[in-house]
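Okay, structure first, notes after.
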Amino acid sequence: MPARRILSVWFPRLGAERLLRRQGDAGARPFAVVADDGQRQVLSSLSLEAEAAGLTQGQPLREALALCPDLATQTQHRAAESAFLRALARWADRFSPLVGVDGTDGLRLDITGCAHLFGGEAALVDSLTDEATALGLTTRCGLADTLGAAWALARFAGHRTAPGRSGDAIAQEARATRSRAAKRRPWQHTRPQTLSTSKIAPPGQMHAALAPLPVAALRLPEATLHDLGRLGLRRIGDLIGQPRAGLGRRFGPHLMQRLDQALGLVPEPLSPAAPPPQFATRLSLPDPIGLTEDIRAGLARLTDRLCARLREQGQGARHLRFETFRSDGSLQVLDLRLARPSHSAETILPLMEGQLDRLDAGFGIDVMRLEARVTEPVAARQLRSPEHDPEAGHSAQAALDDLITRLGGRIGLDAITRRHPAESRIPEKTAATLAAAWSEPASGPWPAPEHPRPLLIWRPEALRVLEPARPCAAFHWRGRAHHVTAAIGPERIAPEWWFDDSDWRSGLRDYWQVVTTRGERLWLFQAHGGQVSGGWFCQGRFA
């Protein structure tokens with residue numbers, strides 16, 4: 001069995017080069033990607049020209065602009081960079097079937113038994129580097145027996161170790177020594193440099209390959225690197241020659257684990273990124289079409305094929321996207337969100353056809369594509385006669401879900417809600433509002449309150465008491481004077497101590513049902529005072 005060989009691919013300028021590829025700009029001026037770091041903005045990725053201008057990753061934007069006034073910047077989009085890195089993982093499948101994402105800017109490939117297909121390990125690395133260069137990407141590769149060693153070689157091969165103390169931790173030194181020390185900026189601490197080229201470690205020679213590298217190549221925390229530097233342990237070779245027991249007691253087991261993983265003494269699994277299932281169909285037409293009937297016929301063919309794939313995988317679509325590519329290069333998109341997952345063409349096709357009037361064929365449509373962007377598992381059901389089916393109400397629920405889907409296509413699924421009972425004695429919290437498309441109907445009957453509740457409930461409105469009593473005999477509310485003729489109560493309700501509600505900072509409440517001379521039946525309460533002063537308030541009206 002051949003020895004295990006791991007290839008680590010590092011993209012040191014991934015964020016900047018991703019945007020430069022989209023802009024079609026070769027980078028005539030320095031370019032950087034800016035990210036938020038607390039209350040300031042820092043450079044997260046740099047182009048080659050920006051690095052040549054003396055800028056560094058992690059440097060504050062204001063200092064970078066002072067050094068390079070013509071610097072072009074763009075805000076970092078972490079989700080887009082992550083998606084781009086996953087796309088690169090799919091691209092790297094041609095070099096190895098086992099490809100995984102390594103952090104936010106790298107890939108890891110298990111090329112065991114694959115190198116001979118490309119003419120050897122060096123030829124494989126050269127081929128990968130050349131193809132990445134053709135894509136406009138800078139790469140640094142490291143090849144070794146272990147994942148830790150390959151990662152270290154890709155990022156730190158050729159990295160010069162700091163010769164000595166730089167003034168970061170000299171508080172205990174003399175004042176003259178502190179004044180002469182050149183204290184580094186936070187972004188200048190141990191970081192990989194991009195001066196090295198691809199490095200291949202021969203099989204079984206991990207010690208020789210790792211010994212000249214800095215200890216930062218072991219993927220250690222910044223605090224551990226700082227402590228090792230103060231002790232003069234700046235290279236991995238310095239650690240290998242030290243007693244293991246002393247290092248373990250001083251720095252904990254994490255340091256020894258990383259060192260053993262890099263040397264191959266402790267296994268480190270490589271988890272390949274499983275490609276997510278793609279449910280999409282495409283139809284290319286020999287001639288552009290523009291008639292609605294032709295578009296409907298093409299959509300029906302795409303829907304049948306897509307639903308067949310969904311049924312094979314036991315999935316149902318929740319979000320469908322229909323894309324039409326016009327002959328002039330433009331794109332039109334129709335989105336359909338379903339209230340329940342479905343893989344039935346008879347259900348999906350009428351809902352999608354109802355939106356075809358939004359399409360403008362223009363000079364003609366030559367490509368159509370239908371994709372299930374969000375899917376959920378759908379359990380198979382056994383068909384029975386209604387009189388023997390314990391779930392005979394399923395068809396009624398399916399019809400309700402289809403109605404919600406039709407309405408949601410016009411006003412949005414989030415605008416259709418349903419009410420569920422909630423476990424709370426607070427009147428306005430006895431029910432929860434949920435999106436109908438993403439929730440099930442409430443099970444069981446609605447719980448009856450211990451005391452009657454008004455038909456309308458609003459936020460408490462203060463009353464001006466005219467005749468103090470319990471309850472108040474007369475009050476002024478909404479521009480009118482009211483006199484109480486009958487009252488039922490009180491019902492005492494305490495605020496929830498675990499939830500701070502601004503409306504309940506007035507403390508305990510005593511609720512009363514009162515009937516006024518105007519014939520109104522109101523819901524009043526007396527607040528006894530808490531974080532704010534109390535008083536009398538009106539919160540609802542009975543039918």
Side-chain angles (χ1 to χ4, degrees), residues 337 339-340 391 393-394 396-397 399-401 403-405 407-408 411-465 469-472 475-478 480 482 484-516 518-543:
R337 288 176 171 82
R340 62 183 177 92
E391 301 181 4
H394 175 75
Q397 180 62 35
L400 177 60
D401 292 338
L403 176 60
I404 294 175
T405 301
L407 296 177
I411 64 175
L413 287 178
D414 294 337
I416 306 174
T417 60
R418 60 163 50 106
R419 304 279 284 177
H420 273 223
E423 296 182 359
S424 177
R425 297 184 64 87
I426 304 299
E428 57 267 32
K429 296 181 182 179
T430 55
T433 302
L434 306 177
W438 316 109
S439 61
E440 297 293 334
S443 59
W446 196 279
E450 298 179 1
H451 301 275
R453 290 292 180 257
L455 179 64
L456 299 177
I457 295 180
W458 50 74
R459 294 190 65 179
E461 299 178 1
L463 306 180
R464 184 163 60 90
V465 179
R470 184 171 171 85
C472 54
F475 56 90
H476 191 273
W477 173 63
R478 290 187 178 181
R480 294 181 177 181
H482 298 263
V484 177
T485 60
I488 301 176
E491 175 191 357
R492 174 161 292 188
I493 299 179
E496 297 172 340
W497 59 267
W498 60 88
F499 185 75
D500 185 16
D501 191 341
S502 58
D503 291 338
W504 280 81
R505 293 178 180 175
S506 55
L508 291 173
R509 296 180 179 179
D510 286 340
Y511 280 89
W512 297 80
Q513 304 174 40
V514 300
V515 180
T516 67
R518 295 180 178 273
E520 293 187 279
R521 188 181 177 193
L522 302 177
W523 206 36
L524 310 183
F525 70 84
Q526 181 185 16
H528 292 275
Q531 299 180 13
V532 297
S533 60
W536 282 92
F537 299 84
C538 180
Q539 194 178 359
R541 176 187 286 116
F542 290 86

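Excluded from the calculations below are hydrogen atoms, water molecules and symmetry mates; all remaining heavy atoms, backbone and side chain alike, are included. All figures in this text were calculated on a predicted structure; none of them were measured in a lab.
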Would you say R459 has more than 12 foreign heavy atoms packed within less than 6.0 Å of its CZ?
-> no
Can you establish whether the number of heavy atoms outside E450 located under 6.0 Å from its atom CD is more than 12?
-> no
Establish, yes or no, whether the cationic atom of R541 lies under 6.0 Å from the six-membered ring centre of W458 and within 45° of the ring axis.
-> no
Looking only at heavy atoms, what is the nearest atom pair of [X] and [Y], with distance?
| X | Y | answer |
| --- | --- | --- |
| S424 | T430 | O-CG2, 3.3 Å |
| W536 | P471 | CH2-CA, 3.5 Å |
| V484 | C472 | CG2-O, 3.2 Å |
| R453 | F542 | C-CE2, 3.5 Å |
| Q513 | P452 | NE2-CD, 3.8 Å |
| S533 | S506 | O-CB, 4.0 Å |

Return the [atom1] to [atom2] distance between [X] and [Y], rounded to the nearest 0.5 Å.
| X | Y | atom1 | atom2 | answer |
| --- | --- | --- | --- | --- |
| W523 | H451 | CH2 | NE2 | 10.0 Å |
| L456 | L522 | CG | CG | 11.0 Å |
| Q539 | E461 | CD | CD | 9.5 Å |
| R521 | I488 | CZ | CD1 | 6.0 Å |
| R480 | E520 | CZ | CD | 7.0 Å |

Residue pair [X] / [Y], side-chain heavy-atom distance below 4.5 Å:
| X | Y | result |
| --- | --- | --- |
| C538 | F475 | no |
| P490 | Q526 | no |
| W446 | R419 | yes |

Is the F537 ring parallel, tilted or perpendicular to the F525 ring (thresholds 30°, 60°)?
->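 F537 vs F525 ring planes: parallel.
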How are the rings of W477 and H482 set relative to one another: parallel (under 30°), tilted (30 to 60°) or perpendicular (over 60°)?
-> tilted
Can a salt bridge be assigned to the pair E491 and R425 using a cut-off of 4.0 Å between side-chain N and carboxylate O?
-> no
